[in-house]
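For reference, the structure discussed in these notes is given below.
Computed from a prediction, not measured in an experiment: that's the story for all the values here. Just follow the structure's listing: the first ligand is 1, and inside any ligand the first atom is 1.
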Amino acid sequence: MSKSYAQVVLPLSAEKQFTYAVPLSLRRQVKVGSRVLVPLAQRTMTGIVVALVGESPFPQVREVLDLLDSEPIFDATMLQLTHWISEYYLCSWGEAFKAALPAGFWRKGKRSIRLREPYARALARKLRKSSPLKAGIVEMLMRRGKVSDAALARRVGREGLFVALNQLRRAGYVQVLEESAKSRVGVRTERAARLRASPEETRSAMERLKEKAPKQAAGLEVLLQLGGTAWVAELSTKAGISGQSMRRLQEKGLVEVFDRESPREAYADLTLGSPPKHRLTQYQREALDKVKDAVEKGKFQVFLLHGVTGSGKTEVYIRAIRRTLEKGRRAIVLVPEISLTPQTAARFRAHFGHQVAVFHSGLSLGERYDAWRRMRAGHYGIVVGARSAIFAPLRDVGLIVVDEEHVDSYKQTEAQPRYHARDVAVMRGKLCGAVVLLGSATPSLESYHNVQRKKFSFCPLPQRVDELPMPTVQIVDMRQERKEGNWGIFSGILKEKIGQRLERGEQVILFLNRRGFSTCIKCQECGFVMACPHCNVTLTYHAQDLTVKCHYCGLRQSAPDICPSCHGHHIKFRGTGTQRVEREVKELFPGSRVLRVDQDTTGRKGDIRRILDEFRDGRAEMLLGTQMIAKGLDFPRVTLVGVVSADGGLNLPDFRSAERTFQLITQVAGRAGRGQPGGEVLVQTYSPEEICIRLSQDHDYLSFAHHELRGRRELAYPPFGKLLLVLLQSTEEIRAAQAAEKLATGLKDEAHRLGCRDVHILGPAAAPLSKIRGQHRWQVLLKGPKSATLRQLFRQAKRRAGRWPPWPGVRVRVIVDPVEML
Ligand SMILES: [Zn+2]
Ligand SMILES: [Zn+2]
């Protein structure tokens, strides 16, 4: 007997499944993983069927309204993966589904009710005694004609409304209309034309028409050339055929015009080019042999490809993908940032042509909708994208590449699910028997630790391709410069080296991870420091428009010329941002051209790509930027990289600050000497003795990793311990603080009850960034050897609270495995 009830998950934050009856007409087609339209209170919503059952736990259930696709939209792997996400990251299954399926697929709408006329008056009279509720409904419908579910509920109350409505509907008295449950995006179609006659008939018609109607003949010719079908727009450009001639051809029965889907495709213009030829280094070959071997076996295995900058990791990816495609399986390639996808996709298209799809959250709604459907339909063998591409609906994925796996942007922190795409990639690989290839010049300590524990296999690429040497790195002690009386932004040696490069016609990259002009605005008389009234951070002065700005909430004011506190006239703009460096460079090297890449110069789509292209074409000698230029860029003419200050991230109250500093210096340094020998890097710092700075001098990742891991082990920080961060935010500080206090107490009680002695509950404490956008932030941090224990503790505390969150006016954000502690 077929199952007549469906358990449905809706895209809501409540961890709940809803039961619906499956009408007979749909019972054969509705399957686990199907996308269905269901009623919920006054709305209709899209949900995913997660189970089919023979009996309903409730006597009264509503019916599934519609099935939205002929095939289930989620296969078994994706159902398991999304379910794992909800369990691991403490979100609802619906939120995990929402992350995995673009917005265009989640239709929702309203219901409205109408009375079937002939019965109206008699019915109302009849019902007045037996059921005042039904009578009320009918009377309202008589007065208003058509009424929404919500309006009806407001009028007659919600109690018993659905049962009454259902009875009225079944008796044929009222009609329920599902309205506006339309998708926000649909399939885009365009006019196309196809031949109706056979090629021979068409050819003879062409001959006949050549004299009298040359345009029509030309149209037929182009259609024949294109295999019988073409866009109408295409015909009009290629054959010059007008609408009228088109109609004539239709009247003659030669051509038929119809609507055909025209998929929206981002980056359709990316040139295919031809792939460059590379001879593999010995290390590349060894790594590739291991990976190919695993691809061959078709079993789950994770590799950590530790390749120094310029060691040819992408070449290894490409060849591993080729092997995967040959085996008839598919590949997903993740890159850390949307801005890097065009560049990577272009490189892959040079090898694999139109089998490569681009997918990320920066695409338009329509582009994402179409790309998703085409991926699902099997149009592509490879998907390149940022974080969310890990959910690409490819069937039979055999290889997942996570490039620059150490980058924090793989972690989603704002909305649920707060997943880490690298970890989801490993889980997806496990579920579908795929090889997972993690690549980085500076692997995260989590991944390297997994190598030590023999969970991941290690593939080192310690040499650059084409026998290019690693750039030499020199640490410049800025304290010494100050002692010698140099108070400028640049040390003597950096100035000198820049000058040399400019003379030789080579290019220079300058790096500073702070935008704006001055990062500190301070009154010299009273010591007042300008801070944002909505955020607990200092304001940054922007010289371009003479304003001060908050980089967290976007507050913008004109720069003060007198102290807002004591009205004195001695305001000082201190601290160096990219704008000040830009001005200084222009003064020191008049006539040189500098391009600046930071959030202020790249506000619009395509800005980054344009600036980087200009630099590549040699239209400027210098590229100056924030961390936006630290990763993945390859400019063969760059022989000098100057790190203006390595110290920015060092003193942040975050246990990962040394790891981040090491990564950043190594990555930026890696931009030097990629096309010719003689690459040099200068790193300016006030803390030359810091291990993370000292070891970056020798590109010595392994020593750094071992040193840092020792420290982490002592403090039981990741990767040795697990963290769960709960952030409590409120516009009133007292509410956030009290909620944090209560949560910490609740968790401690729970830990005591469950006997978890190895769990530390740290806090309540104000978060390091204690206020952002007017929201006061308090936090409680759970630390312990096992993630499962921490999650269980939190779940228990939540369950015990009943309503969640139990504190009015407080927003709670739970982050499993947080990557930033601010
Ligand atoms: Zn602010
Ligand atoms: Zn003052």
Angle, SG of Cys526 through the Zn ion (ligand 2) to SG of Cys523 - 10° precision:
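Cys523 SG and Cys526 SG form an angle of 110° at the Zn ion (ligand 2).
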Before moving on, can you tell me the angle at the Zn ion (ligand 2) between the SG atom of Cys563 and the SG atom of Cys566, to the nearest 10 degrees?
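Taking the Zn ion (ligand 2) as the apex, the two atoms subtend 110°.
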I'd like to know if the side chain of His420 and the backbone of Arg422 have a donor-acceptor N/O pair within less than 3.5 Å.
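Here the side-chain-to-backbone pair exists.
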Roughly, to 10 degrees, what angle do Cys532 atom SG and Cys550 atom SG form around the Zn ion (ligand 1)?
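Between SG of Cys532 and SG of Cys550, the angle at the Zn ion (ligand 1) is about 110°.
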The Zn ion (ligand 1) contact by His534, N, O or S atom under 2.8 Å
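Given the 2.8 Å cut-off, His534 does not count as a ligand of the Zn ion (ligand 1).
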Identify the residue among Asp598, Asp600, Thr626 that makes a side chain to side chain donor-acceptor pair (under 3.5 Å) with Arg515.
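Answer after filtering Asp598, Asp600, Thr626: Asp600.
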Can Glu750 and Lys798 be counted as an ion pair, charged N to O under 4.0 angstrom?
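Here Glu750 does not pair with Lys798 in a salt bridge, since their nearest N and O are not under 4.0 Å apart.
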Please work out which of the three classes, parallel, tilted or perpendicular, describes the rings of Phe635 and Phe615, given edges at 30° and 60°.
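Correct class here is perpendicular.
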